[in-house]
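Predicted model, so just to flag it, every value in this text is computed and none were measured.
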Amino acid sequence: MFGIPGKQAVTMTPKAAAQIAKLMAKDGHAGLRIGVKKGGCAGMEYTMEYVDAPDPNDEVVEQDGARILIAPMAQMFLFGTEIDYEVTLLESGFKFNNPNVTEACGCGESISFKEAPGT
């Protein structure tokens, strides 16, 4: 929908692709849908949910056996994002390296984007 020919909407690091493929295989899901919703101290939060069937309007990104589906309303916010999977001593989880983010809260769970002209 908001793509550039020849360029994927989002990319995944090898660690993220491996983790997503593992999660898909565990319960036979068709993919992992990512999006954004209002909430958190900075205004927006990322969402992730298992998907058994893609929506016809989802942007589909496949890499190394992993399938990401981008919810239609989130496509313009997520374009150019790299998804990583990090494991540290205290936690593990997905990390979004999003060039569209203008502000994030200290915990990294909440983000905000530049307002579109005329809003």
Side-chain angles (χ1 to χ4, degrees):
M1 186 175 256
F2 290 96
I4 295 174
K7 181 173 174 149
Q8 291 187 347
V10 299
T11 58
M12 296 173 259
T13 65
K15 286 181 183 178
Q19 183 65 20
I20 292 167
K22 179 180 168 183
L23 292 171
M24 287 172 52
K26 181 178 177 186
D27 293 319
H29 297 292
L32 191 64
R33 180 177 289 122
I34 60 173
V36 293
K37 69 176 184 174
K38 291 186 181 219
C41 53
M44 303 282 277
E45 297 175 321
Y46 293 111
T47 62
M48 299 181 87
E49 64 181 338
Y50 293 115
V51 176
D52 292 324
D55 182 284
N57 295 317
D58 284 341
E59 177 76 22
V60 179
V61 176
E62 295 181 297
Q63 179 183 319
D64 301 326
R67 182 177 300 118
I68 292 283
L69 301 111
I70 306 171
M73 296 303 292
Q75 292 173 12
M76 67 181 182
F77 297 110
L78 296 174
F79 189 78
T81 298
E82 177 193 61
I83 302 170
D84 194 10
Y85 187 76
E86 293 184 344
V87 177
T88 68
L89 225 52
L90 299 175
E91 64 185 1
S92 62
F94 291 100
K95 180 179 177 184
F96 291 77
N97 298 311
N98 187 336
N100 305 305
V101 170
T102 58
E103 183 181 351
C105 68
C107 67
E109 296 289 323
S110 180
I111 50 165
S112 64
F113 301 96
K114 182 179 179 182
E115 287 189 31
T119 58

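With rounding to the nearest 0.5 Å, the separation of OG1 in T11 from CG in D84 is 9.5 Å. Once rounded to the nearest 0.5 Å, the distance linking OG1 of T47 with CD of E45 reads 9.5 Å. Taking CD of E62 as the start and CG of L69 as the end, the distance is 8.5 Å to the nearest 0.5 Å. Going from atom OG1 of T81 over to atom CD1 of I70 covers 8.0 Å, rounded to the nearest 0.5 Å.
A 4.5 Å side-chain heavy-atom check between I83 and F96 finds at least one atom pair inside the cut-off. At least one side-chain heavy atom of V61 sits less than 4.5 Å from a side-chain heavy atom of M12.
Residues passing the side-chain hydrogen bond (donor to acceptor under 3.5 Å, both in side chains) test with N97 are E82, sequence neighbours excluded.
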Listing, residues 20-37 side-chain donor-acceptor contacts under 3.5 Å, not counting sequence neighbours, or none:
unit_1	atom_1	unit_2	atom_2	d
H29	ND1	D52	OD1	2.9
R33	NE	D58	OD1	3.4
R33	NE	D58	OD2	3.2
R33	NH1	E49	OE2	3.4
R33	NH2	D58	OD2	2.6

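There is a path of hydrophobic side-chain contacts, each under 4.5 Å, that joins V10 to M76. Under a hydrophobic clustering in which Ile, Leu, Val, Met, Phe, Trp and Tyr are joined whenever their side-chain heavy atoms come within less than 4.5 Å, directly or via other members, I68 and F94 fall into the same cluster. There is no path of hydrophobic side-chain contacts, each under 4.5 Å, that joins F79 to M73.
Residue Y46 comes nearest to L78 through the heavy atom pair CE2-CD2, 3.5 Å, listed as atom of the first residue, atom of the second, then distance. Taking all atoms of both residues into account, the shortest heavy-atom contact from S92 to Y85 is OG-OH, 3.5 Å.
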